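For reference, the structure discussed in these notes is given below.
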Amino acid sequence: MPPRIHIIGRKNSGKTTLITELIVHLNQLGYSVGTIKHTHHHHELDTPNKDSYRHRAAGAEVVGILASEMNAVFWPAQPSEEKEARYRQMLNMYAACDYVLVEGDSQTNALKIEVWRASEGEAPLATADATVRALVTNDPVSVPVPILPRGDLSAVAQWLLDAAKDCPN
């Protein structure tokens, strides 16, 4: 399975922007990148009353959609199932990728880096979360982890590539 790297941070910290820039940069270096967007909110990912939704409602364990330009697979999350097991299931779909970047999910043991902006007014998560491995920012701050300059995408990408070598996903 490819290494799973979580890009975490508070709302409006720049997670999405950094991930999209990293995808382009890593692609230019010849790497294949997959992504996962983690959310705490309930989202109905399938369209209610469409055929695939009706298949799930009827009791199908897994429902796939194969279209001319996009594919999707839906399966229910079991409340008793550990989140890491759900990531492992999902990562099977990413076998062709060199790396998987996850936007969000600070409650994981996987490799995590934080994006932080002083203008948001809150301390970095890294000050209280020992599992954060690095902080990406252009703002002055004191944290117990390496600080990666937000303005130097090459440095951030290289740090990720190096850290991912030790990633037990």
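Numbers here simply count residues along the sequence, with the first being 1. The figures that follow rest on heavy atoms only: side chains count, while hydrogens, waters and symmetry mates do not. Note that this is a predicted model, so its numbers are computed, not measured.
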Qualifying residues under salt bridge (charged side-chain N to carboxylate O under 4.0 Å, His left out), relative to Glu120, sequence neighbours excluded
none
Does Asp98 reach the main-chain N or O of Tyr31 with its side chain, forming a donor-acceptor pair under 3.5 Å?
no
Distance-minimising heavy-atom pair for Ala118 and Asp139
N-OD2, 2.7 Å
Which heavy atom in Ala95 sits nearest to a heavy atom in Pro2, and how many Å separate them?
CA-CD, 4.5 Å
Name the residue from Thr137, Ile7, Val115, Leu18 that meets the side chain to side chain contact (heavy atoms under 4.5 Å, CB included) definition with Ser13.
Val115
Taking all non-hydrogen atoms of both residues, which atom of Asn138 and which atom of Gly151 are closest, and how far apart?
OD1-N, 3.0 Å
Working to the nearest 0.5 angstrom, can you tell me the gap between Leu135 CG and Ile8 CD1?
9.5 Å
Using the side chain to side chain contact (heavy atoms under 4.5 Å, CB included) rule, take Thr127 and Val141 through it: C-alpha gap first, then chi angles, then the decisive distance, then the call.
CA-CA 10 Å; Thr127 59; Val141 64; 5.6 Å; no
List the steps and the verdict of side chain to side chain contact (heavy atoms under 4.5 Å, CB included) for Ile113 and Leu160.
CA-CA 9 Å; Ile113 67 167; Leu160 283 177; 3.9 Å; yes
Between Glu114 and Lys15, does any side-chain N to carboxylate O distance fall below 4.0 Å?
no
Over all heavy atoms of both residues, which pair between Ala164 and Leu111 is shortest? Give the atoms and the distance, please.
N-CD2, 4.0 Å
For the atom pair SG (Cys97) and CE (Met1), what is the distance rounded to the nearest 0.5 Å?
13.0 Å
Interatomic distance, Lys112 atom NZ to Leu125 atom CG [nearest 0.5 angstrom]
9.0 Å
Atom pair OG (Ser32) and CD1 (Ile23), whose distance is rounded to the nearest 0.5 Å:
10.5 Å
Measure across Pro149 and Val156 and return the closest heavy-atom pair with its distance rounded to 0.1 Å.
O-CG2, 3.7 Å
Do Thr20 side-chain atoms and Thr16 backbone N/O form a donor-acceptor pair below 3.5 Å?
yes
Between the side chain of Trp116 and the main-chain N/O of Glu122, is any donor-acceptor distance below 3.5 Å?
yes
For Asp105, run the side-chain hydrogen bond (donor to acceptor under 3.5 Å, both in side chains) check against His6, Lys83, Lys37 and tell me which one passes.
Lys83
Closer than 3.5 angstrom, by distance alone: can the side chain of Tyr94 be matched with the main-chain N or O of Thr35 as a donor-acceptor pair?
yes
With sequence neighbours excluded, tell me which residues meet side-chain hydrogen bond (donor to acceptor under 3.5 Å, both in side chains) with Arg150.
Glu21
When you check the side-chain N and O atoms of Glu84 and Thr108, is any donor under 3.5 Å from an acceptor?
yes
